[in-house]
2 protein chains.
Amino acid sequence: MVQKLEIHDDLDSRAREVLREIILQHIASGEAISSRTLAKCGRFHLSPASLRNVMADLEDLGYLQQPHTSAGRVPTDRGYRFFIDHMMNATRLSEEERHSIDDQVNHASQIEEVLQLTSKLLSTLSDQVGVVFMPTLLQFTVRSIDFILVAESKIICVIVGSNGVVVNKVLETRLTFTRDELEKIGRYITAEFSGLTLDAIRRRLIRMTEAERALHDDMLKKTIALGIEAVNDVAPVEHDLYVEGASSIFLKPEYADANSMRRTFLALQEKEKLIEILEQFLSEDGLQILIGSESDFTQVHNFSIVARRYGNQAAPLGMVGIIGPMRMEYARVAPLVDYLGRALSSKIEEEQERKQ
Amino acid sequence: MVQKLEIHDDLDSRAREVLREIILQHIASGEAISSRTLAKCGRFHLSPASLRNVMADLEDLGYLQQPHTSAGRVPTDRGYRFFIDHMMNATRLSEEERHSIDDQVNHASQIEEVLQLTSKLLSTLSDQVGVVFMPTLLQFTVRSIDFILVAESKIICVIVGSNGVVVNKVLETRLTFTRDELEKIGRYITAEFSGLTLDAIRRRLIRMTEAERALHDDMLKKTIALGIEAVNDVAPVEHDLYVEGASSIFLKPEYADANSMRRTFLALQEKEKLIEILEQFLSEDGLQILIGSESDFTQVHNFSIVARRYGNQAAPLGMVGIIGPMRMEYARVAPLVDYLGRALSSKIEEEQERKQ
DNA sequence: ATTGGCACTCAACAAGGTAGAGTGCTAACC
DNA sequence: GGTTAGCACTCTACCTTGTTGAGTGCCAAT
């Protein structure tokens, strides 16, 4: 209610319409919008001069700005923010698009495939950069651990996480095992420790090492040793981040010159930074839109980020999103990110249920 | 001998020295080299005017060219080719560098890690784009196949290739198996089929399906069915290509303008094209250097590619290499690629021996 | 064979000038 | 009151022009 009042105070309905039209036209063309082009569009039965007055007001209020004196106006961060919060009517995805997405997502089977596909879909359907983020296995609980004998001292350890990710790691060990022993050890460890995080498993195993000194059970000793090796320093210490369609950046006029192209590209390479920003929103529900100066990252390069959590409420798994210039078709991108987030969530949930 | 004569015919020793100096200076500076700068370097006790005569000859023979009338000279593809074939003395890597490389390579354990590390080393040590190519598992023989039960109808299949690559694939099947059965099936299939390619295994299994109709052995039936599922359509249909350091391109003056930056970047994205070029040289031994117009790919973007096969003679595994502007420090890059190729080969061979 | 000298060419840069787009303001209009 | 035509003003983008400096090719002298 407070907000509504404020809006009413700031902008009468005409000013809002003008702001809206400027933003839409700017998103479509990338150019600064002048009073004349605005008048020509026909939605206002006003002369350029009158529109100039309105535009001057909008500029005073911080919704628009002029790149230079004799140029038209461009929306500010604040302008976009207002547009998104109060004036955007997101178009739903068409039936066709939804079907096409569902089809493709359902066709993939490995989690990694699904994640990559999602980032690709985000990118191609929006013509922007698509990102999908999946935190490291370290943050999830383990569903099972198994061991396969490859050679005398070479054992492959396969860990399946509660997020469905399958990780394998080659262990080299001085201990020798038969296939049967490994089979049993896998069963034992899975039965005993599934549902815990890797870290918790490691701590338990280490505690067991101490307790077991007294027992002198050789098999148990070997089991614990192998378990610790498996859990220790498991491969994906890094988070997984799929960034797709970086080249789309190079076709946008706002990044046409060599310098911003370089800077932009290098920024997208900095996965740690991106992850940091996406992680911020892991705890928040619903669609997140970050505009221009609202974040370090988006500020420097005039980016906007539209992102959403995936996974179910109880256990958020990661983030999906789109990165692009501030001037992007939010009305189209927002539902796209939302839908793909949901699709990914239900796909994963469905997988998990089937595994029960 | 024929070649030597030709050289002698074309270029006397002074001309060769001049060509060499021009190429070295151009590699270092990226600028066109004028007769004056050449005279100033002191290696020739000649005036600019005399050098101009030599340079004009070299231009007539196609080793040099002028970007425009009042500019210095730049080496042509042919100039570089001559330089590399007859005049380059490759500097060996320093003891330190060799140690550092060996250390890092030995530290990695998973094949994938090693490959990625190698491409990173190639890139950072040369300040160019590093690439490592590993053909799909389909081209190698299989060392072992194992199955792990995850849930009722969900089985993870782990395939280890003779190249050391470990692939896992989640199978969904209507058949039900106990862990023990899967254990046995894995042993059976590995014993029966290791040493064959995936394709050969598939064909044998299919032949068995037909033969087995008469037998009515339920277990064998299930084994074959599962085997076919495992082998069919295995995950990495694609080749693996690690491209590292693409951003280094953006710092080279030859790609400073927005257009060539865009084109260059997009070219590096086209992995299929790159793979096609690298595959061409899988059958050839020793260091390969491809300059400018010598290939479609390198022509368009003024690239050179320095590459080398890795793996042992009997079984080539893939290619390592560097991509950069024609103007690159071949004398340094060549031994680097060569050494990393060898390092990678012996690392993999060593792994394989240990696995016997 | 080598070299100094000289005319010539061309890219790169700077300066000046013009056109056009767009604004803000004011005064007139409804 | 809101609306609008008119006008002076501003600023960018672009074109033109001139200048500078680097570099060449050629010729005649050494």
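No experiment lies behind these values; they were computed from the predicted model shown. Computation of the quantities below employed the complete heavy-atom set of this structure, encompassing side-chain atoms and omitting hydrogens, waters and symmetry-equivalent molecules. To find a chain, count down the sequence lines: A is the first, B the second, and so on, and within it residues start at 1.
With the end axes of the helix from C:dA1-D:dT30 to C:dC30-D:dG1 each set by five pairs, the angle from one to the other reads 20° at 10° resolution.
In this structure, the CD atom of A:Gln25 is 12 Å from the P atom of C:dG22, given to the nearest Å. A:Leu51 has its CG atom 13 Å from the C1' atom of D:dG2, to the nearest Å. Atom CG in B:Leu64 sits about 11 Å away from atom P in D:dG25, given to the nearest Å. The interatomic distance linking A:His45 (NE2) with D:dT4 (C1') rounds to 16 Å, in whole Å. Rounded to whole Å, atom C1' of D:dA22 lies 11 Å from atom NZ of B:Lys40. Here the P atom of nucleotide D:dT4 and the CZ atom of A:Phe44 are 13 Å apart, to the nearest Å. Rounded to an integer number of Å, the gap from CD of B:Glu31 to C1' of D:dG21 is 14 Å. The NE2 atom of B:His68 sits 12 Å away from the P atom of D:dG25 (whole-angstrom rounding).
The two residues A:Ser34 and A:Met55 come nearest to each other via the heavy atoms C-CE, 4.1 Å.
Relative orientation of the A:Phe297 and A:Phe303 rings is parallel, given thresholds of 30° and 60° on the angle between their planes. Between A:Phe265 and B:Phe265, the ring planes are perpendicular. Angles over 60° get that label, and only those under 30° would be called parallel.
By the side chain to side chain contact (heavy atoms under 4.5 Å, CB included) test, B:Leu125 is found to be paired with B:Ile101, B:Leu121, B:Arg332, B:Leu336, residues two or more places apart in sequence or in another chain being considered. Take B:Asn259 and apply the side chain to side chain contact (heavy atoms under 4.5 Å, CB included) test, not counting sequence neighbours, and it matches B:Asp257, B:Arg262. B:Ser13 pairs by the side chain to side chain contact (heavy atoms under 4.5 Å, CB included) definition with nothing, not counting sequence neighbours. Under the rule for a side chain to side chain contact (heavy atoms under 4.5 Å, CB included), the partners of B:Glu294 that lie at least two apart in sequence or sit in another chain are B:Arg81, B:Leu290, B:Ile291.
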| request: Go along nucleotides 23-30 of chain C 5' to 3' and tag each nucleotide: B for a protein heavy atom under 4.0 Å from its base, S when only backbone or sugar atoms are that close, - otherwise. | output: BBB-----
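Proximity of A:Glu244 to A:Leu122: side-chain heavy atoms (C-beta onward) are nowhere separated by under 4.5 Å.
Proximity of a side-chain donor or acceptor of A:Arg78 to a complementary backbone N or O of A:Leu61 within less than 3.5 Å is detected.
OP1 or OP2 of C:dT3 lies within a sub-4.0 Å distance of a side-chain N or O belonging to B:Ser47.
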